[in-house]
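Below is one structure, written out as structure tokens, with a few remarks after it.
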Amino acid sequence: MSADPFDPAGWDDAPAATPATAVPAAPPPYLDGLNPEQRQAVEATDGPVLVLAGAGTGKTRVLTTRIAHLLHLGKAWPGQILAVTFTNKAAREMQQRVAGIIGGVAEGMSWLGTFHSIAARILRRHAELVGLQPNFTILDTDDQVRLLKQILAAEGMDEKRFPARNLAGLIDRWKNRALTPEKLGADDAQSFGDGKGRTLYAAYQERLKTLNAADFGDLLLHVITIFQKHPDVLADWQRRFKYILVDEYQDTNVAQYLWLRLLAQRWRNLCCVGDDDQSIYGWRGAEVGNILKFESDFPGALVIRLERNYRSTGHILAAASGLIAANEGRLGKTLWTEDDMGEKVRVIGYWDGEEEARASADLIEGMRGHGRRLSEMAILVRAGHQTRAFEERFVTVGLPYRVIGGPRFYERQEIRDALAYFRVLVSPDDDLAFERIVNVPKRGLGDATVQQLHLLARERNISLHHAATLITETDELKPKARSSLRDLIDGFGRWRAAGRDLPHPELAEMVLDESGYTAMWQADKSAEAPGRLDNLKELVDALAGFESLAAFLDHVALVMEIERGDGNQDMVTLMTLHGAKGLEFPVVFLPGWEEGLFPSQRSLDENGLAGLEEERRLAYVGITRARETAIISHAANRRVYNQWQSAIPSRFIDELPRNHVEAEARPGLWGGTMGDRGFGSQLREADLFGDRGLSPGFQRAATAKPVRHLDASFERVTANENTGDDFARGQRVFHQKFGYGRITNIDGNKLDIAFDKAGAKKVIASFVSKA
DNA sequence: CAACTTTAGTTTTTT
DNA sequence: ACTAAAGTTG
């Protein structure tokens, strides 16, 4: 969160005695309008409570009201309530809503934040207990991988066979499970690089310690270690946090669960809010098990179900509920609403992905014509790349849209470079940052020079920056390298001195200018360069909101986003289903419901039934984002990696309860020939689902047809177009059987092609297409 | 050291 | 098709 980690506020204020209990005269106004279950969840202040909050049942309202209630009753001071979320966005929202209920007092909610930001604050106070200094750096994934690369190289391991990225993922998963190198089971310890898993992990942790750095996983893991080894420290924190609240509990991993359990042990006033049906982050370590076994972990826990939905109409809710019912091992909830049935969920079949995008854009325009605002509509996709077809279509028809997600501000190259400069400025011994910018912009300090620095640094056990200072005083380097290294080191000295009486935004600008970094992008004439310069400007602007560079850097490490103000324009929203969790829109488009895509084949292959169920929960999350209109679609054919693939409709479509769904298909698609595909009248439901009832196979059979049409049509198209005239020697081409190749010779409509895989062949032009 | 070529991978994403 | 990253040249 925005709390300055170096700000001692809240560090040494001993937990206050229980505040005097102010007895409220009348029932507090914030309780009005809560339904009985919500009210119960708010009023059951003491003891463990699990709130199973279905989609749209007022989960955040319960959490925030509960905090307000605790404060109102005088059960605790703001500083004695720990409220954790997963994302900064959720933390911010909660902060605001608490403030909204109780007025400015929420200022004191200093322990409302993400798991990581709160763990980081705790860790800074006890860093020395795990061999770190209080000002340790927080590494992101990028730094992590670069560090691991060095470690793998040092161990003499082949980066090809054992990619650093994989090891990073593995270590991350271990940390998610609260496993330190010593605690790794024999299997895990052996699991990477010829059984070197544990050794590499231990070496990595050693390096982190030397660098005075922690990665994201460490923030929690170190705190757990400290709590386990120092009961006095744990006791202090336990005493402080009289009430603990957890948002999105279904997303907690083992480490987070342990961390919570340790902290909650004393007062046992732990309130977890979550929805097992919305657990969609299993792939990054979330344990649905945490929510499923809450009652046994906290005996006597009160379990409250919030089942009244305030978001969606009846048909939408029923469709979603019917779908999720196919999952096993649920805690089970029955959502209901007093709202109208509304429109049925629409299921539309398209010929291909382009038609899907075109028709969806038409539907959007149509609804816009009927008074819908674009900002009321969202397209939620399974995978990021699916947005492309829609973007292309929206651009051609001039429909304003915004894509949420994608590369984030602080992950951009220029921003990370600039931050590395700041990091070296603030902590000269930050080797990773130093290495990143030592030759950016190019100063003639290549691999060879850096290797020499590494050598000296390791020999003397000093940082790269220090080594660089020393080496410029010798003649070990070539004169050119020496003088530019000298310049860089002097630069940092000068900037550090200047920083003493210059406001830090100006200092930052000075660093970027004098180091030549700004000039580098000004000289770059590629298309992205101007944008990058804008981003740098934005970065410097963002700095102004912070006390110091150090405070800013810490903020950046934990909050990887920047506030942007493009929210007020009327645009359609495009994003992934994962990104949509917690949001709602009057109109939701759910394209790409095809086997292989959704449920994702990969998920099925890697995680079997568990994977399928998580995909189904994702589908459930998707449908329940809709307030009034949900439109599911699937395409018979789609171009994937430049290859046409046919797919049958998703099994999730079969699983939707028939009574709440209205199926449509374009005529020619399911019966006639390609040529008379036209604008679609609706078909009877039976045309899509078949007349034979509920067997899942029928739909497959029905939809297998267009697949055959596809192949025929392509032969026809290619035969008409490719007479050989379009091709040139050297042209990359694609052949249905032989794959990719390059044209070596042309003889009329016969081509000689050197195929990548299949070797040299003579082929008729009509059988290949341009790649 | 920079420019060019080849090759592998290509779900979801926070902190 | 596309991208990013590694390998190969001049």
Side-chain angles (χ1 to χ4, degrees), chain A residues 1 84-91 113-120 138-145 149 158-160 163-166 169 172 175-176 214-221 248 251-253 255-256 279-286 380-388 404-408 410-411 413 439 442-449 478 480-481 554-561 575-582 592 596-607 611 614-615 617-619 621-622 639-644 732-734 740 742 756 769-771:
Chain A
M1 269 281 33
V84 277
T85 64
F86 278 83
T87 65
N88 292 292
K89 202 171 125 209
T114 63
F115 273 101
H116 290 87
S117 70
I118 287 170
I138 299 170
L139 300 190
D140 62 22
T141 343
D142 213 69
D143 292 323
Q144 231 181 100
V145 171
K149 252 181 205 161
D158 182 6
E159 244 279 344
K160 269 283 161 55
R165 200 156 277 288
N166 292 359
D172 221 50
K175 290 184 175 175
N176 284 159
D215 64 22
F216 286 120
D218 282 339
L219 296 177
L220 282 147
L221 192 47
E248 305 277 15
D251 289 338
T252 49
N253 59 38
Q256 285 156 341
S279 166
I280 54 176
Y281 286 109
W283 51 275
R284 71 180 195 214
L380 309 181
V381 296
R382 174 65 183 86
H385 64 78
Q386 289 175 262
T387 58
R388 226 182 61 194
I404 309 279
R408 280 172 306 162
Y410 289 115
E411 275 166 6
Q413 187 195 336
N439 199 30
K442 301 269 187 285
R443 333 185 142 82
L445 302 170
D447 278 351
T449 317
K478 293 193 195 113
K480 235 173 94 190
D554 207 80
H555 167 83
V556 168
L558 291 166
V559 183
M560 296 292 289
E561 52 185 314
M575 65 177 141
T576 64
L577 288 161
H578 284 90
K581 189 161 81 147
L597 218 190
F598 190 36
S600 136
Q601 190 57 51
R602 191 153 162 185
S603 196
L604 264 42
D605 291 345
E606 288 173 11
N607 297 305
E614 183 153 314
E615 295 284 306
R617 291 192 291 268
L618 204 45
V621 167
R639 199 160 41 174
V640 181
Y641 307 136
N642 199 32
Q643 241 171 294
W644 283 94
R732 290 282 295 169
V733 292
F734 178 76
Y740 289 94
R742 191 176 293 285
D756 299 348
S769 57
K770 289 184 200 174

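Chain naming here is simple, since letters A, B, ... match the order of the sequence lines and numbering starts at 1 in each.
Using cut-offs of 30° and 60° on the angle between ring planes, the pair A:Phe216 and A:His116 is perpendicular. In this structure, A:His578 and A:Trp283 have perpendicular ring planes: the angle between them is above 60°, well past the 30° mark.
Closest approach of A:Leu597 to A:Gly592, counting heavy atoms only: CD1-O, 3.7 Å. In plain terms, the two heavy atoms of A:Arg382 and A:Leu577 that are nearest each other are CA-CD1, 4.1 Å. Across all non-hydrogen atoms, the minimal contact from A:Ala557 to A:Ile138 is CB-CB, 3.7 Å. When every heavy atom of A:Gly113 is checked against every heavy atom of A:Ala91, the shortest pair comes out as CA-CB, 4.0 Å. Taking both residues in full, the closest heavy atoms of A:Ala164 and A:Val145 are given as CB-O, 3.8 Å, listed atom of the first, atom of the second, then distance.
The nearest whole Å value for the distance from the CZ atom in A:Arg284 to the C1' atom in B:dT14 is 5 Å. Note: CG (A:Leu597) to P (B:dT12) measures 11 Å, nearest angstrom. Protein atom CG of A:Asn253 is 16 Å distant from nucleotide atom P of B:dT14, rounded to whole Å. Regarding A:Gln643, its CD atom lies at a distance of 16 Å from the P atom of B:dT10, rounded to whole Å. Rounded to whole Å, the distance from CG on A:Leu604 to C1' on B:dT12 is 14 Å. Separating the CD atom of A:Glu248 from the C1' atom of B:dT13 is a distance of 14 Å, rounded to the nearest angstrom. One atom, CD of A:Gln386, and another, C1' of B:dT10, lie 13 Å apart when rounded to the nearest Å. When the P atom of C:dA5 is taken as reference, atom NZ of A:Lys149 falls 7 Å away, rounded to whole Å.
Mapping A:Ser603 and A:Thr449 onto DNA chain B via the closest heavy atom, the residue that lands nearer the 5' end is A:Thr449.
A:Leu220 comes within contact range of no nucleotide atom at all, as no heavy-atom separation falls under 4.0 Å. Within 4.0 Å of A:Arg408, counting heavy atoms only, lies at least one base atom of the nucleic acid. Nucleic acid contact for A:Gly444: sugar-phosphate only, since backbone atoms but no base atoms lie under 4.0 Å from a heavy atom of the residue. Backbone-only contact: A:Thr87 has heavy atoms under 4.0 Å from sugar-phosphate atoms and none from a base. Note on A:Glu606: a base of the nucleic acid sits closer than 4.0 angstrom, heavy atoms only. Residue A:Gly217 is out of contact with every strand shown, counting any heavy-atom pair closer than 4.0 Å.
Of the candidate nucleotides B:dT15, B:dT13, B:dT12, B:dT12 has the atom nearest to the side chain of A:Ala383. Nearest nucleotide to the side chain of A:Arg388, out of B:dT10, C:dC2, B:dT13: C:dC2. Set against B:dT15, B:dT13, B:dT12, the side chain of A:Asn88 has B:dT15 as its closest nucleotide. Checking B:dT10, B:dT15, B:dT12 against every side-chain atom of A:Phe216, the shortest atom distance belongs to B:dT15. Across B:dT12, B:dA2, B:dT15, the shortest atom-to-atom separation from the side chain of A:Lys442 is found for B:dA2.
Residues forming a ring pair (Phe, Tyr, Trp, His ring centres under 6.0 Å) with A:Tyr410 (at least two apart in sequence, or on another chain): none.
Remark: ring of A:Tyr641 overlaps the six-membered base ring of B:dT10 in a stacked fashion, centroids less than 5.5 Å apart, planes less than 30° apart.
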Can you give me the dot-bracket string for DNA chain B, 5' to 3', counting Watson-Crick and G-U wobble pairs with both distances under 3.5 Å, using [ ] for crossing pairs and | for partners on another strand? ||||||||||.....
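OP1 or OP2 of B:dT13 sits under 4.0 Å from a side-chain N or O of A:Thr576.
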